[in-house]
Amino acid sequence: MVDSDRFRALAIWSRQLESSEFEMARAGIALRSFARGQCIFREGLNFDAWPGIVEGLVKLCHRTPDGREITYTGVHAGGWFGEGTVLKGEPRRYEVVALRDTTLALLDRPTFLWLFEHSVRFNHFLVGQLSERLGQFMGLLENDRLRDPVARVARALATLFNPVLYPEAGSHIVLSQEEVGLLAGISRPVANQSLKALFQAGALKVEYGALTVVDLEQLRRFG
DNA sequence: ACATTAAATTCGA
DNA sequence: TCGAATTTAATGT
C-alpha cells in the first residue's frame, strides 16, 4: 500500500479528505507501470478503477471504423480521468495509450463509489473535474476537422496546462516534439513548425525536449 | 528522409 | 571520480 505522503503527493484530491476518508482511499490505491507505446486500456472494456497519472504521459483516443484516429486529450502527471465512466460502470469509449513510460495510480471502483457516497470534498473535486472536461470537449466539437495544425497543437498544450486539471503544474513541461505530434494528431515535422509559429506569436518558449508556456491565455485563444 | 546538435552513457585513467 | 569518446535521442529543414 502507498504510504500517506506518497498518496498525498500523487493524488491532489486526497488532501481535501477527512482522515477516515483519506485512509479508505489510500487502501484502495494500486500502482501499475506501463511501457512507452503500450495500450493501457482498450476501448470497450469496463472501467474497474479510476486512474491517475503518477509519472509519464498518456493519450485518450478513438479509432474510427475507417482507420483514422482521433485524439481527445492528453493527460500527464497529476491528472485523473475517466470518472464519468467509472461512476456509471460503463465500458470505455476510448482507448488509453502510454506515450512514454508511465506509472498509474488506480483507485478501485468500490472505493471510488464509497467516496462518492460519503465525501463531500471528493464530490467537489469530481464536479470541478467533470465541468472542466466538458468545456474541453465542447471546444473539440466546434472545430474538430479541418483545423490548422497550429491550433491543434495550441489546444493540446492548453489542456496539459489547464489550471483546474493540473493545479500544481508550473509553466514548464518535459515534452518532445514527437510527443506533441502524437497528442495533436500531426506529424513530428509539422509539430515542429507549429511550435515555431506559437513561439513567434509569443505564446511559448521551445527548449530541447521541453516547453515553457509564456502566455496560456493566448494558447487557449488559438483553439 | 537526412543532416545536425543536445544529452546521456560508457570507458579509461 | 573526472572528462573524453561514443551512442542515443531530439531537432531543423
Side-chain angles (χ1 to χ4, degrees), chain A residues 6 9-10 31-42 51-64 66-81 94-105 136 139-140 143-163 165-223:
Chain A
R6 182 95 198 278
L10 64 81
L31 299 181
R32 226 178 125 194
S33 293
F34 298 85
R36 169 196 171 115
Q38 194 175 354
C39 176
I40 294 175
F41 296 114
R42 206 163 291 288
I53 312 287
V54 177
E55 196 66 57
L57 178 68
V58 126
K59 73 172 173 179
L60 278 39
C61 58
H62 171 70
R63 294 182 180 289
T64 58
D66 52 321
R68 287 183 314 109
E69 180 180 291
I70 302 171
T71 296
Y72 293 131
T73 186
V75 185
H76 62 121
W80 291 75
F81 59 94
Y94 50 82
E95 72 177 8
V96 182
V97 179
L99 296 186
R100 66 170 85 133
D101 290 352
T102 293
T103 302
L104 289 190
Q136 282 183 5
L140 263 179
N143 39 21
D144 181 35
R145 315 274 142 99
L146 308 171
R147 288 174 66 237
D148 79 287
V150 179
R152 301 175 66 120
V153 168
R155 192 189 56 206
L157 293 179
T159 75
L160 291 184
F161 285 98
N162 180 311
L165 267 18
Y166 305 98
E168 45 188 336
S171 59
H172 185 263
I173 188 178
V174 173
L175 188 72
S176 73
Q177 297 184 0
E178 179 170 10
E179 290 170 328
V180 172
L182 290 170
L183 287 176
I186 57 183
S187 71
R188 206 265 304 156
V190 173
N192 176 272
Q193 294 304 308
S194 305
L195 288 171
K196 186 181 287 182
L198 290 170
F199 167 72
Q200 283 165 355
L204 50 80
K205 280 190 296 188
V206 307
E207 295 139 42
Y208 187 87
L211 299 168
T212 299
V213 171
V214 174
D215 186 346
L216 180 57
E217 204 39 53
Q218 197 190 355
L219 257 195
R220 283 233 186 72
R221 292 176 48 190
F222 264 95

task: Look at the aromatic rings of Y72(A) and H62(A) and report parallel, tilted or perpendicular, splitting at 30° and 60°.
output: parallel

- request: Treat primed atoms plus P, OP1 and OP2 as sugar-phosphate and everything else as base, then score nucleotides 4-10 of chain C 5' to 3': B for base contact with protein heavy atoms under 4.0 Å, S for sugar-phosphate contact only, - for none.
  value: -----BS

message: I'd like to know if K59(A) pairs up with E69(A) as an ion pair, taking the criterion as any Lys NZ or Arg NE/NH1/NH2 lying under 4.0 Å from an Asp or Glu carboxylate oxygen.
response: yes

query: Counting just side-chain N and O atoms, does K196(A) come under 4.0 Å of either OP1 or OP2 of dT11(C)?
result: no

field: Distance below 4.0 Å between N192(A) side-chain N/O and dT11(C) OP1 or OP2
entry: no

task: Check whether more than 12 heavy atoms from other residues, nucleotides or ligands sit under 6.0 Å from atom CZ of R6(A), and answer yes or no.
output: no

Non-hydrogen atoms of G74(A) and L183(A) that approach each other most closely: CA-CD2, 3.6 Å

query: Can you tell me how far P of dT11(C) sits from CG of L182(A), to the nearest Å?
result: 12 Å

query: Between the side chains of T212(A) and E207(A), is a donor N or O closer than 3.5 angstrom to an acceptor N or O?
result: yes

